[in-house]
Structure formats: C-alpha cells, structure tokens
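Worth knowing before you read on, the calculation uses all heavy atoms, side chains too, and leaves out hydrogens, waters and symmetry mates. In each ligand, atom 1 is the first atom listed, and ligand 1 is the first ligand listed. Keep in mind the model is a prediction, meaning the values are calculated, not measured.
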Amino acid sequence: MAQRVFFATSEVYPFSKSGGLGDVMGALPLAMHKNGIPTTVISPFYGRISTSNYQIRLTITDLPVGYPWAPITADVYEADYHGVSLYFIHRGEYFDRRFYYNDPKGDYFDNAERFIFFCRAAISLMERLGQPPAIVHAHDWQTALLPAYIHFLRRWNPFWEHTGTVCTIHNLAFQGRFSSRLFADSGLPAEAWNMNGVEYFGDINMLKGGIAYADAVSTVSPSYAREILTEKFGCGLDGILRSREADLHGVLNGADYVVWNPDDDPYLPCRFSADDMSGKRRCKKHLMAELGLDPELADRPLLGFIGRLRGQKGIDLLNSIIPELMRLNVGLVVLGEGNFVHEARLMDLMEDYRGRLAAVIGYTEDLAHRMQAASDIFLMPSRYEPCGLTQMYALRYGAPPVATAVGGLRDTIVPWPSDESTGFIFTESEPMAFLAAIREAVALWTEKPEYWQSMMRRAMNQAFTWENACKQYAEIYRRIRLRI
Ligand code: ADP
Ligand code: GLC
C-alpha cells in the first residue's frame, strides 16, 4: 500500500498517556511501519508536552479549521519518532490544560468542542498535506467523528473519494455523548441525525458515529468483540454493533517489549529474565523497602494491583476483601488514581494494615514498572476489559495474574490448572470468587514452589507481539480498499 494510513488518537506514548490507549498508539504505528505499512499519527498537542525532548517542530501556523461556524485556526507541530511521522494539533484554549479529559471535579465542560475541533483540524491537515490517505483509522470516541466526516466528504469531494475508514473501540463505556446542541457545531449534515447515525436518545454520541459510518469497526480483543454484541457488555450500543457485525473485528493488542522488558528496564534496581530470575527477588525487597513494607514479608507472596481506581477495574472488589487477604499473611501494593471513594477507602485500609499494605495514589510510570517487577501475583479483577495491557506486562515480569474471565484477560491468560497455565481466572465478578482464586494462587506459591517457578517461566515467555495485530489490520485495510 503506497498511500498512507493515518491514525487519529487523543494519546500517544511517550508524548501523552492516561492509560492503555497511549501505550498502544506509541507502539502500533512503529510496528506498522516495520511491517511495510507507512503510518502517520495525528494527535493533540497538549500544553504539557515538551518540544525539546523529541525535537518537535512547529511547521504549520494558522491552519484554517472550519469550526464551528466561523473558521478558527490550529497550529501544527511535527516530530519524527523512530521513523513514524507525528503531527500534533495545537490550539491553546483547548489543549493547554493540566489533565487530558477531566480534572478532579469532573469532565471538562467543553470536551465535545475540543474533540470536534480536533477531528476537523485533522481533516484540514490531511487535505493540506496533499495526498489523499488510503485509510483513516480513528481510535475511541475522541476521534470517532472522523469516519463520519469522511463518509459524507466522499460524496462530493474528490480528495476523499478513495479513502477508507476504520473505527477502533478501546473502551465502549466512554462514548462522547453530549447535548444535541453540539450536533449543529459538529458540521455533520442533517441526515446524520437519526438513529442509524450519531443520534442517541436525543443526544449526539460520537462513538456511535464512528460505529455507524466507518467502513470497518474493530476492538482490541476477540473476546471483547463478541461480548459487546450482548446487552450485558454493549453499553447501550450493542444494537448498532450487531447491525455492523459483518464488519466488526477483534484484533488483540500487542505489548511493547522494548518499554516493558525486565531484562532491560531502566526503572528497575536490578534486571532479570526467564533464564535468570534471581533479580526479581531483589526487585521485591527493594520495592518493599521503598514503600515501607515489613521486611519479614519478603518470604511471603507480594500481590500487586495497578490501574485506574474505577468500577471497570474491580477496585471495589479488591478493597472489600483486603481484611481477608491480610489474614493470608501476604504483602499488597496498590498503585492507581481515580474515584475518590476508592482512594479514601484504600487510605483507611493502609492505616489498619501498615507494613503489609502500601497504596500509592497517583500516576507514576516508573513505579508501575517497579511494582510489576516486584509482584509475585498480579491482581486484575476487571468487570470488563477490552484488552488489558497490565496483565501482559505482569506475565512478562513473572507475576502470574489473578483475573476475571472477561475480554482480553481470557484471551491472554492460560488458567490454572493446566500444564500450560500462566495465571488464574475466576468467572463471577464477586468478592468471594476473587478471594477464592487468590487463595488458590497463594497456596500454589507456598506449597509448590517448583511448579510456581515453571509457571513464572511460561508467563515470562508469552509473547503478545504487535506483528500479529499489524497483519490483521493490513487485511482489514485491504478488504476495505477493494470495496471503495
Ligand atoms: P486501561 O487502558 O483500561 O487503563 P490497560 O491495562 O490497557 O488499562 O493499560 C493501563 C496502562 O496505564 C498501563 O501502561 C499501566 O501501567 C498504566 N497505568 C495505569 N494506572 C497507572 C498509574 N496509577 N500509574 C502509572 N501507570 C499506570
Ligand atoms: C482501554 C481498555 C484496555 C485496553 C486499552 C488499549 O483503555 O480499557 O482494556 O487495553 O484501551 O487498547
């Protein structure tokens, strides 16, 4: 494919990241590039991005963006990241903020405007660059209006006539649903305002726009692709997703083993690998000292949890069983931020179990690496999980996960008991089921150390590479190009 694929995303690691989307957008374009699919990334330029670190250059000033009625302008910064071209769209009033989408008080009031502006600026930019894209690939609600815009542009603007579109859902729960008033601002034609378009119970729903108008829709694991067709996991969009079933794909994410490699991780006090795991014990002792855990617990399993402190991640399930866990005489480390109620509960529990439970509220990239390296057992009781990257990192860092049987967790963990097992899976999102699975893991760790070592080795040797995903996306693009 000589023409380019353009990714549109609200996060791209290492420039911006609030979760797995950032990680994916940092790794997938590079992998595409290596697999012969030239990919360009368009993302917002947030005020917190430093221009000096990656030689980011301001290359376009005052790019006209027809938004909302009277044209306003964007500046465009450019960077080259390991051969991938990145374009960053800047407009201070929208993107020079401390956080990406919300502050502690809640979502930014103008999120709809910010991302309508971003999508329309991306259209202007691609036109300015001069060569029609082969594929525009949008990720999550923030960029999901792009397939809708292109669907209508294709009718009358020859520039877009042969551009195909993909909308990838990284998390169906976040849809970008706003008051109908914003529909007029979106610049979409009136015919998009119907139940098969962007309209959703009288509101505008941006992700629904992507699902309705993209040539293909995908999500980030095969199991989640099946789950979202059901009422239980469909977040109110299962109907429109079922109507697109023939064009819906589940492409499992990969992990970036350059960034997440215990054998070459600059954040760790010592390195280790499947062939020589001795460094892992040192990492554990080091982290226990760093977080003030009782050194006597070094001979007991250390449990770890990293993630957004929200219902999705099952943090309430974990909080509710902490007293029982403590009776198992284990250490527990938690890193996350999110819902104030869960944060406060963790702080209270930490008072009760000082020396055995350490909870760090905040977002700290380096600590996340050290916690993966130090943990013996990784906890991931998600209620739903489109893919999940933290369990993939835990596997690579020799911390077999205890996880719910949902989405990407069931696609990446081979449950015990089996000769191939790499972790523990429980079916019901219930505290007692979670506790029972942890008990099983702790018993195995304690009573069968040799088996545990072999499980760790298997876990560390799992490879969720980006190459497979690239091949699948290439095939999706190829099929779209045959149709348009
Ligand atoms: P999600 O995208 O749903 O949050 P993933 O498992 O796909 O879940 O990715 C989460 C990413 O965010 C991982 O890179 C993880 O290490 C990181 N992460 C989550 N919470 C924190 C935190 N509090 N501090 C540092 N990194 C975090
Ligand atoms: C979302 C999902 C997570 C997935 C990530 C990257 O944040 O919650 O499961 O791994 O996107 O696709």
Side-chain angles (χ1 to χ4, degrees), residues 7 9-14 16-28 99-101 137-143 167-175 207 218-225 227-228 233 235 250-260 265 267 304-315 333-339 342-343 346 358-373 375 378-397 399 401 403-404 406-413 464 466 469 473:
F7 276 10
T9 172
S10 58
E11 297 177 25
V12 52
Y13 182 83
S16 51
K17 162 175 168 178
S18 79
L21 174 67
D23 283 358
V24 167
M25 291 296 108
L28 177 58
F99 301 96
Y100 298 111
Y101 317 116
H137 189 154
H139 296 267
D140 272 352
W141 73 264
Q142 293 89 342
T143 58
C167 176
T168 292
I169 302 163
H170 294 261
N171 194 335
L172 190 59
F174 298 96
Q175 301 180 356
L207 187 61
S218 80
T219 186
V220 287
S221 70
S223 287
Y224 193 60
E227 288 168 356
I228 57 179
F233 291 99
C235 300
V251 179
L252 189 71
N253 284 333
D256 187 341
Y257 295 121
V258 174
V259 177
W260 294 92
D265 185 331
Y267 296 128
F305 174 101
I306 303 168
R308 290 178 288 115
L309 302 181
R310 306 225 159 253
Q312 174 191 349
K313 300 291 172 184
I315 181 63
V333 287
V334 177
L335 168 64
E337 63 179 1
N339 186 313
H342 303 313
E343 291 181 357
L346 272 168
V360 180
I361 305 298
Y363 198 94
T364 327
E365 190 78 23
D366 57 324
L367 184 56
H369 286 244
R370 285 200 297 286
M371 278 183 47
Q372 291 279 12
S375 300
F378 191 78
L379 305 180
M380 205 147 167
S382 307
R383 288 201 165 74
Y384 70 93
E385 197 59 75
C387 177
L389 299 172
T390 36
Q391 85 282 8
M392 293 187 192
Y393 305 151
L395 289 164
R396 181 49 61 109
Y397 281 64
T404 335
V406 290
L409 299 175
R410 60 194 301 170
D411 293 344
T412 52
I413 299 166
F464 301 100
W466 274 112
Y473 285 125

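- At under 3.5 Å, not a single nitrogen or oxygen of K313, backbone or side chain, sits near a nitrogen or oxygen of ligand 2.
- Of the listed residues (M392, E385, E11), the one carrying the non-hydrogen atom nearest atom 3 (C) of ligand 2 is E385.
- For the side-chain hydrogen bond (donor to acceptor under 3.5 Å, both in side chains) test, residues two or more places apart in sequence or in another chain that qualify with S382 are E385.
- The two residues Q391 and M380 have their closest heavy-atom pair at OE1-CE, 3.5 Å.
- Taking S10 as the reference, Y101 meet the side-chain hydrogen bond (donor to acceptor under 3.5 Å, both in side chains) condition, with sequence neighbours excluded.
- Considering only residues two or more places apart in sequence or on other chains, Y100 meets the side-chain hydrogen bond (donor to acceptor under 3.5 Å, both in side chains) condition with none of them.
- Among G20, S382, G388, the residue whose heavy atom lies nearest to atom 10 (O) of ligand 2 is G388.
- Using modelled atom types, one finds a donor on one side chain and an acceptor on the other under 3.5 Å when comparing Y384 with N171.
- Under 3.5 Å, the side chains of D265 and H369 contain a donor-acceptor pair of N or O atoms.
- Contact analysis puts R308 in contact with ligand 2, with a non-hydrogen atom separation below 4.0 angstrom.
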Once you restrict both partners to nitrogen or oxygen, which atoms of ligand 1 have a protein partner under 3.5 Å, and how far apart are they?
| residue | atom | partner | partner atom | Å |
| --- | --- | --- | --- | --- |
| ligand 1 | 2 (O) | G20 | N | 2.6 |
| ligand 1 | 3 (O) | R308 | NH2 | 2.7 |
| ligand 1 | 3 (O) | K313 | NZ | 2.8 |
| ligand 1 | 4 (O) | R308 | NE | 2.9 |
| ligand 1 | 4 (O) | R308 | NH2 | 3.4 |
| ligand 1 | 6 (O) | L389 | N | 2.9 |
| ligand 1 | 6 (O) | T390 | N | 3.1 |
| ligand 1 | 6 (O) | T390 | OG1 | 3.1 |
| ligand 1 | 7 (O) | L389 | N | 3.2 |
| ligand 1 | 8 (O) | K313 | NZ | 3.1 |
| ligand 1 | 9 (O) | G20 | N | 3.2 |
| ligand 1 | 12 (O) | Y363 | OH | 3.4 |
| ligand 1 | 14 (O) | K17 | NZ | 2.8 |
| ligand 1 | 14 (O) | D23 | OD2 | 2.6 |
| ligand 1 | 23 (N) | G362 | O | 2.8 |
| ligand 1 | 24 (N) | T364 | N | 3.0 |

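- Counting heavy atoms closer than 4.0 Å to ligand 2, residue D23 contributes nothing at all.
- When ring centroids are compared, H137 and Y473 come within the 6.0 Å threshold.
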